[in-house]
*Asks:* 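Take this structure, written in structure tokens, and hold onto it; I'll ask about it next.
Quick caveat: nothing in here was measured; it's all calculated off a predicted structure.
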Amino acid sequence: MDQTTLADALSRAERALDRIERTSATLRTGQDRDQELRAKVRGVVEELDAMIRAAGAR
């Protein structure tokens, strides 16, 4: 493998790693949003459950 071919291969590998890192960061952000949404839904369900219990106690 000559120097140019090796340099091209290394360059492609570096670009691939950059794409993987960007994708990984995006996935983590998406997971954080999912967790935040789950927490909000959990809170709303708890609130609705309390309202249903209060209505049933009347």
*Asks:* Show the atom names and distances, to 0.1 Å, of all donor-acceptor pairs under 3.5 Å that link a side chain in residues 36-48 to residues at least two apart or in another chain.
*Replies:*
none

*Asks:* Which donor-acceptor pairs under 3.5 Å do side chains of residues 17-25 form with protein atoms, sequence neighbours excluded?
*Replies:*
from  : atom 1 : to    : atom 2 : distance (Å)
Thr23 : OG1    : Arg19 : O      : 2.9
Ser24 : OG     : Arg28 : NH2    : 3.1

*Asks:* Taking it one step at a time, do Arg12 and Asp8 satisfy salt bridge (charged side-chain N to carboxylate O under 4.0 Å, His left out)?
*Replies:* CA-CA 6 Å; Arg12 283 193 307 274; Asp8 289 343; 5.2 Å; no

